[in-house]
Amino acid sequence: MSAIPSQDPVAVAPSKRNQFKGNIMVVGCTVLGAAAQMLIKRGTATLGPLVDSAAGNIVSQVPAIAWNILSNLPLFGGLACYGLSTMLLVLALRYGELSVLYPIIALTYVWVSILSVTVLGETLNVFKVIGLVLIVAGVAVLGKKEQSN
Amino acid sequence: MKTPLSSILLVLLASFVGSFGSVFMKAGADRLERSIRGVLTNWRLPVGVAIYLVSFAMYTAAVKSGELTILYPMVSLGYLWTLIWSRLIFNEPLTRNKFIGIGMILLGVVVLNLGNR
């Protein structure tokens, strides 16, 4: 008998509809994850060396290191995107099977590749295109409902 | 540039360790409660995140020597380990579509990285 009644877990019944909801949420995670990678890449490009070996004890440098990261807007934004992506993943995992939801994260590769071409000006080649098509097709097969036989 | 066996083994280990991160997150997610207390006492979630960070640190250490085109795709083997734990721990069915889908994703990641050479 605890003074504060703890609420029951909000159970999510396994159903095709809920699995689909989870799938869509994980796709959202991959978009956030790709944004995080791009922002962190941009942030680290302007980031100097974090640890000054001449300044002695690393523990005494922790506030300065923390400030260097937090004041770097792209880097901070990237880490925040990772945080949001993780929270969304946890919410998504309630709605379906781990073995279906988890591999969908591979779509992150697709968004990162698209952003690398459109934002960073990298070039595509036949390997990259075939790889991306295979990943998208694999995720589609995974999310497809099983034929009963 | 040759990829040392130690780097390959370390990335394999990182993918194996990391797959337990997803297991803890799923177990935590299934026990999620709609209260601040429920979320704060859900120890499985921070354990899952901590395992991810350990896995990431191992991967970072591993890729210091060796070819990224070989090492990076190996991280995706985590999907395969996760498939095994999903069956053993959460009793999820192993279906043909899951094997085919994960197989295509793994192949896609390998081919994609060949393009980065």
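All values below were derived from every heavy atom in this structure, side-chain atoms included, with hydrogens, water molecules and symmetry-related copies excluded. Here is the naming used below: chain letters follow the sequence lines, and residue numbers restart at 1 for every chain.
Ranking A/Leu89, A/Leu101, A/Asn125 against chain B, the residue ahead of the rest is A/Asn125, based on heavy-atom pairs under 4.5 Å. Among B/Leu83, B/Val109, B/Ile100, the residue with the largest count of heavy-atom pairs under 4.5 Å with chain A is B/Val109. Comparing A/Leu98, A/Val126, A/Val136, A/Ile135 by heavy-atom pairs within less than 4.5 Å of chain B, the highest count is held by A/Leu98.
From A/Leu93, atom CG reaches atom CG of B/Asp30 across 8.0 Å, with rounding to the nearest 0.5 Å. The distance from the CD1 atom of A/Ile130 to the CG atom of B/Leu107 is 9.5 Å, given to the nearest 0.5 Å. Once rounded to the nearest 0.5 Å, the distance linking CG of B/Asn113 with NZ of A/Lys128 reads 9.5 Å.
Applying the ring-ring contact (aromatic ring centres under 6.0 Å, His included) definition to pairs two or more places apart or across chains, none involves residues 12-34 of chain A.
Interface remark: B/Tyr52 contributes side-chain atoms only to the contact with chain A (heavy atom separation under 4.5 Å). Heavy atoms closer than 4.5 Å to chain A are found in the side chain of B/Leu45, but not in its backbone. Looking at B/Val49, the atoms closer than 4.5 Å to chain A (heavy atoms on both sides) all sit in the side chain, from C-beta outward.
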Test log, rule side chain to side chain contact (heavy atoms under 4.5 Å, CB included), inputs B/Lys98 and A/Leu142: CA-CA 5 Å; B/Lys98 287 179 187 172; A/Leu142 202 70; 4.3 Å; yes
Stepwise side chain to side chain contact (heavy atoms under 4.5 Å, CB included) test for A/Tyr109 and B/Tyr72: CA-CA 11 Å; A/Tyr109 292 112; B/Tyr72 194 44; 3.4 Å; yes
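Side chain of A/Glu97 to backbone of B/Glu92: no donor-acceptor contact under 3.5 angstrom is found.
Side-chain contact check for A/Leu91 versus B/Leu32: some heavy-atom pair is nearer than 4.5 Å.
The interface of residues 16-27 of chain B with chain A, defined by heavy-atom distances below 4.5 Å, comprises B/Ser22, B/Val23, B/Met25, B/Lys26.
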